[in-house]
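Accompanying notes for the structure given below.
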Amino acid sequence: SAALAAATERVRAGTLSPADARHLFDELLQRPTPVPGQALNGFLAALARAPASAACGDSPALAVSLFNRLCREASPHASPLTVHTYSILMDCCCRARRPDLGLAFFGRLLRTGLRTDGVDAYALIKCFCLAKRTDEAVSVLLHRLSELGCVPDALSYSVVLKVLCDDSRSQRALDLLRMMSKEGGVCAPNVVPYSTVIHGFCKEGKVSKACDLFNKMGQQGVKPNVVTYTSIIDALCKARAMDKAESFLRHMVDNDVRPNNVTYKCIIQGYSSLGLWNEAVKIFREMTSRGLMLDDVTRNSFVASLCNHGRSKEAAEIAHQMIESETTVSN
DNA sequence: TTAGGGTTAG
């Protein structure tokens with residue numbers, strides 16, 4: 001257990017190589033005592049989310065191979081593998097972009113006869129979603145989970161909503177969102193699932209549906225955040241409805257949701273694409289007055305557009321502020 | 001009740 005804890009620390013520090021890990025397992029599996037399950041799970045969980053490092057380029061894959069070795073070599077009477085271990089492994093497979101392997105692990109879990117009521121609904125559903133098996137993900141969420149004795153949580157819904165929206169099936173996502181919030185729904189949606197579906201409608205060009213849902217969430221007492229507002233504002237800008245976009249901007253400020261550089265960027269680009277340079281510059285000034293900056297690429301193209309349309313004075317102003325802010329940063 | 005996992009702009 002001490003050895004596993006030390007190895008877990010090294011995983012977090014990015015200094016544990018695959019060879020080190022294999023040596024560790026050589027030792028653990030030769031000992032007469034069972035591998036301590038909790039420390040093992042902690043170690044695998046650390047590997048599952050370790051970024052690539054010089055010592056180990058693909059930690060999730062390493063976790064999968066170590067797990068396979070445990071299945072082969074660990075004494076069945078002292079098996080440290082629990083439903084929790086399988087959850088970590090399925091998560092690993094998702095991170096390694098091998099959802100097919102994750103589903104195979106789930107199949108193995110079912111065959112072991114371990115209790116399934118602790119199955120990690122989120123990891124399982126994410127495997128189906130990443131494998132592009134969207135309809136099965138929906139079916140697991142709505143039917144299969146209860147057969148396994150588990151309850152879907154808000155995150156499980158969230159990942160399914162996202163994949164439906166990615167598939168341009170936002171209306172179906174809205175149906176699921178309604179199921180979450182209806183009486184007896186297992187988990188009331190917060191701002192994230194609402195924002196996901198709102199963004200889905202926006203991407204499909206159904207801005208009025210997005211606005212309807214925006215109003216609905218307010219009625220349900222869920223407060224939109226900067227992400228929610230920015231999605232709608234961007235969609236309105238792309239639909240050339242700049243007056244409505246600005247009214248959402250005022251609405252958010254009035255409700256103490258601070259617009260960020262993404263919000264302003266959408267509006268500036270909206271006005272720019274319509275050739276409304278005065279309005280674009282006005283929004284830019286509002287943005288800088290709040291201490292916000294455009295990213296380099298957007299700012300450079302904004303300056304260039306202004307120059308190309310005979311607005312060199314405004315272009316100079318923006319370039320000047322850019323130099324000033326760089327001076328401030330370096331001081 | 002062993003860990004940590006969902007949303008926006010480009």
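Every chain is numbered from 1, with letters handed out A, B, ... down the list of sequences. Since the model is a prediction, treat every value here as computed from it, not as a measurement.
Look at OH on Y122(A): it is 7 Å from P on dT7(B), rounded to the nearest Å. Spacing between atom CG of L124(A) and atom P of dG4(B) amounts to 21 Å, rounded to whole angstrom units. If you measure from atom CZ of R115(A) to atom P of dT1(B), you get 16 Å, rounded to the nearest angstrom. The distance between atom CG of L236(A) and atom P of dT8(B), rounded to the nearest whole Å, is 17 Å. Atom CZ of F302(A) is separated from atom P of dA9(B) by 21 Å (rounded to the nearest Å). Atoms CD1 (I267(A)) and C1' (dG10(B)) sit 16 Å apart, rounded to a whole Å. Going from atom CD of Q269(A) over to atom P of dA9(B) covers 12 Å, rounded to whole Å. Atom pair Y229(A):OH and dT8(B):C1' shows a separation of 15 Å (rounding to whole Å applied).
Side chain of S181(A) to main chain of L177(A): a donor-acceptor pair is present (N/O by atom type, distance under 3.5 Å, no hydrogens or angles).
If you check every strand for non-hydrogen atoms under 4.0 Å, T263(A) touches nothing. Among the atoms of the strands shown, base atoms are found under 4.0 Å from some heavy atom of N190(A). No engagement by N41(A) is indicated, since no non-hydrogen atom pair under 4.0 Å with the nucleic acid exists. Residue V159(A) is out of contact with every strand shown, counting any heavy-atom pair closer than 4.0 Å.
A salt bridge links D166(A) with K203(A): at least one charged nitrogen is closer than 4.0 Å to a carboxylate oxygen. Using a cut-off of 4.0 Å between Lys/Arg side-chain N and Asp/Glu carboxylate O, E246(A) and R250(A) are scored as salt-bridged. Under the 4.0 Å criterion applied to side-chain N and carboxylate O atoms, D167(A) and K132(A) are not assigned as salt-bridge partners.
At the phosphate of dT8(B), OP1 or OP2 sits under 4.0 Å from a side-chain N or O atom of H199(A). At dG5(B), none of the side-chain N or O atoms of K162(A) fall inside 4.0 Å of OP1 or OP2 (strictly under the cut-off).
Side chain of D153(A), nearest nucleotide from dG5(B), dT7(B), dA3(B): dG5(B). Ranking dG10(B), dA3(B), dG5(B) by closeness to the R95(A) side chain, first place goes to dG5(B). Taking the side chain of K238(A) as heavy atoms from C-beta on, and the options dG6(B), dT8(B), dG10(B), the nearest nucleotide is dG10(B). Comparing dT2(B), dT7(B), dA3(B) against the side chain of Q38(A) picks out dT2(B) as the nearest. Among the nucleotides dG5(B), dA9(B), dT8(B), the one closest to any side-chain atom of L155(A) is dG5(B).
Aromatic ring pairs are classed by plane angle as parallel below 30°, tilted from 30° to 60° and perpendicular above 60°; the pair F248(A) and Y229(A) is perpendicular.
Scanning atom types as modelled, one donor and one acceptor separated by under 3.5 angstrom connect the side chain of D120(A) and the base of dG5(B).
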